[in-house]
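Here's the structure, in structure tokens; my notes come after.
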Amino acid sequence: MTIEIANTKVIDQYIRQDRMPHIWCPGCGIGTVLHALIRSLVKGGYDMDKVAMVSGIGCTARAAGYVKMDSFHTTHGRALPFATGLKLANPDLKVILFSGDGDLVSIGGNHFIHAARRNMDITVICVNNFNYGMTGGQMGPTTPTGARTSTSRSGNYEPSFSIPALAAASGAVYVARWTCLHLRQLENSISEALTRKGFSLVEAISPCPTVYGRLNKQPTGLDQMKYYQTASSVENGADPMKVGIELNGKITCGKFVDIERPSYLEMAGFDKETR
Amino acid sequence: MESQVVLGGFGGQGIILAGFILGQASAIYDHQSATFTQDYGPEARGGACRAQVVISDGTISYPYVQNPTAMAVMSQEAFTKYTPELARVKNPILIIDEDLVKPANYTAKYYKIAATRIAREMGRPNIANIVMLGFLIGVTGVASAESVKQSIRDAVPKGTEELNMRAFEQGYSQGIEAIKAN
Amino acid sequence: MSNNGHLSGSFYFNGDIACAEGAISAGCRFFAGYPITPATEIAERMSERLPEIGGVYIQMEDELASMAAILGAAWGGKKSMTSTSGPGFSLMMENLGLGYMTETPCVVVNVQRAGPSTGLPTLVAQADMMQARWGAHGCYSAIALCPSSPQEMYDYTIKAFNLSEKYRVPVLLMADEAVGHMSEKVTITPPEKLKLVTRRKPTVSPDKFNPYQPDADLVPPMANAGEGYGFHVTGLTHDERGYPVMTPQAQEKLVRRLVDKIDKNRDDIIEVEEWDTDDAEVVVVSYGISARIVRYAVELARKEGIKAGMLKLITVWPFAESTIKRLAPRLKSFIVVEINAGQIVLEVERCAAGQTKTVLLPGMGGAVHHPDVILEAIRKAAK
């Protein structure tokens, strides 16, 4: 089914207008990613009464409070196990996890690898802006080596995680990455991810001009988008182990993993999912 | 009327299971009050372990053995550790596995059975606990033999019921004999 | 087995297994957990039983996840439970707080062992009682029950579910190793005699539904995910719509209600047992396994002609203030027996308010009190 989305009014009905304005900074990419997700849901013809969004804590996690559907803004890092309980209690729900990078792979890292290992029937949208934005731009596990943050003023000396590598190695059946510049591709990947049984992940590289960008010579959203434009290359099928992002380095985009293996619901023998 | 029974040995001998079977026999089939508690350490095998069963025709407030009326021990360590408690009681009944316990310095009367050897001769050393339980029931009568047999059937792995029945009978008949000889 | 997996008759169960069966009788159909001594047998039993009856057992990666998962499952419409002991209970505190804030019904079982830290994994303690009351940060009121036998593990697990569904709150079953690992006869309540409570559902259409608009008893009706209400739930301070509101006024209103919905319904929630308190000069207060030992010691004291009585706290939280206040003026002394360095004694002392003495018989853990120690304290207090 294809639904043309001519204007924002179609999107607006899935946003809690009484919660606007949102808290996100000018130039931030989270709204862009949320927009892509809602377009994917609308185009996919999903019954929104059967879609639930779960998030943890952070700028990205605030999205759960803005969408007009059953939505859960939980604790830092614990959104995935919460979503796991929700999904298993009612397998008819389409459960979407909307998370920032620190929430997902730092404090929630253990839950992330285990949800992927189980091939839990959840779609994860991860907005990666390389730092903790809400608390003022601290370094995290996705911060590229050398990047300056408020807790690595003279440059981060830790190696960083590549989220697609982590997801693929842990067992995710669908892994894709795009930047906020690649709107159409991002939306298409989310659409695909939503249809996959098991654990699917779409990473969206996002500007955070207010803190990360400001400290790393990209002080506006536009600066960061320009960086994505010049540094991105689309390599569908690229080895997810080789798509790590260095400071101001190349950003490999595309669909890296799209495989089939029995999902948790199938393995456990209670696959009642209708989609 | 209250009986306080201690089973002692080392981890892996089935001491805990034997205690559970006795408690279950008393509580469910003899319609007595019966508590079963266990002492154990982190070891699944080896290490001293103890099962305590309190059986009463009234209610049991204190679920632990204070004054053991009967004690069966299947290791030297258990003998050393637990038998001093028998000094608190008049005419306690002590039972030992004669191949595993040397009752040094124990001057009071005691009963003995080669439970482990009998089990080995039956082809399954791990039913020594049931042989010992049978002997204990034969000697003390703290629970009825029929109830204990029913409890064994409930508690042992499917397919091993008959073997366990024979193990119980072996111990039980020797227990009856030992009482007659007394 | 009959009736949707409900056992019938009497069984020889240890407390842990009785707890699992109580959960099943109460309608629990989701369990998330992580192995830990001495609570593992609950998870093992649930892993065996739930799939037989259409329920879900999942072993999570840790206790943080277990607690989060049972909250999620509760919002998915299931009655849910987890079980743990000391170290795991500490890990659950964060999401337990989310449960209080979001008013999520669920049951958390802590089979207490001796701590702090790893402590004595296989041996008894009752030293998490204040953690049960205050362990999650922030203000809230908690409900915690303490069983003294395998039968009570069964009965109070059902009661815990009923209270959690009625008041929309995580309820803590604060068991201990001694009760968890002790076996005794447990009689299963026949399904037709069970009194089960399930969460109150919204009575208004989705467009008029405010997920945190309380009824007169201060408890809001609860919609489950997927029922078309399109509600938002957050751990942030929120208004009746469930929307975050970052003001002291919103905090006052919400948190006041979270506290009051327990405290103002305390007469409905609190359950205690009194023995021989009518003419007693000394009343021994205890809970969990200690209550059995105290009962024995009090019986011995009565045989000596000492006017001793006992108060067993089934509901430790909220605390039975009115009972202590009623008894205090006519006693020579309260004695509090607990396997910790002195926790519930503080509450007894507070409520006795100087009207009588309060004596503590502490225990650092690893063993229950010897009845002689309690008897001696009763003799001394009665003089």
Test of understanding: with side-chain contact (heavy atoms from CB on, under 4.5 Å), list the residues that count as partners of A:T32, not counting sequence neighbours. A:C180, A:L183
Taking all non-hydrogen atoms of both residues, which atom of C:V56 and which atom of A:L88 are closest, and how far apart? CG2-O, 3.8 Å
Least distance between heavy atoms, C:F30 atom then A:G85 atom: CZ-CA, 3.8 Å
For the student: nearest non-hydrogen atoms of A:A89 and C:A73, plus distance: CB-O, 3.4 Å
Within a reach of under 6.0 Å around CE of A:M241, are more than 12 heavy atoms found that belong to other residues, nucleotides or ligands? yes
If the cut-off is 3.5 angstrom, what donor-acceptor pairs do you find between chain A and chain C?
residue, atom, partner, partner atom, Å
A:R16, NH1, C:Y243, OH, 3.2
A:R16, NH2, C:G230, O, 2.7
A:D18, OD1, C:Y243, OH, 3.1
A:D18, OD2, C:Y243, OH, 3.2
A:K50, NZ, C:G226, O, 2.7
A:A64, O, C:H232, ND1, 3.2
A:D70, OD1, C:G230, N, 3.0
A:D70, OD1, C:F231, N, 3.0
A:D70, OD2, C:G226, N, 2.7
A:S71, N, C:F231, O, 2.9
A:S71, O, C:H232, ND1, 3.3
A:S71, O, C:V233, N, 2.9
A:S71, OG, C:H232, ND1, 2.7
A:H73, N, C:V233, O, 2.8
A:H73, O, C:G235, N, 3.2
A:H73, ND1, C:T234, OG1, 2.6
A:T75, OG1, C:N95, OD1, 2.4
A:R78, NE, C:E94, OE1, 2.9
A:A89, O, C:K78, NZ, 3.1
A:N110, ND2, C:D62, OD2, 3.4
A:H111, ND1, C:E61, OE2, 2.9
A:R118, NH1, C:E61, OE1, 2.9
A:R118, NH2, C:Q59, O, 3.1
A:R118, NH2, C:E61, OE1, 2.7

Shortest non-hydrogen contact between A:L93 and C:A225, atoms and distance: CD1-CB, 3.9 Å
Identify which part of C:L71 has an atom lying under 4.5 Å from any heavy atom of chain A, answering side chain, backbone, both or neither. both
For A:A83, which atoms come within 4.5 Å of any heavy atom of chain C: side chain, backbone, both, or neither? neither
Hey, which of C:A32, C:G55, C:A68 has the most heavy atom pairs under 4.5 Å with chain A? C:A68
Which one, C:G230, C:P206, C:P211, leads in non-hydrogen pairs under 4.5 Å with chain A? C:G230
Per-residue tally against chain A (heavy atom, under 4.5 Å) across C:G228, C:P51, C:A223, C:A74 peaks at C:G228
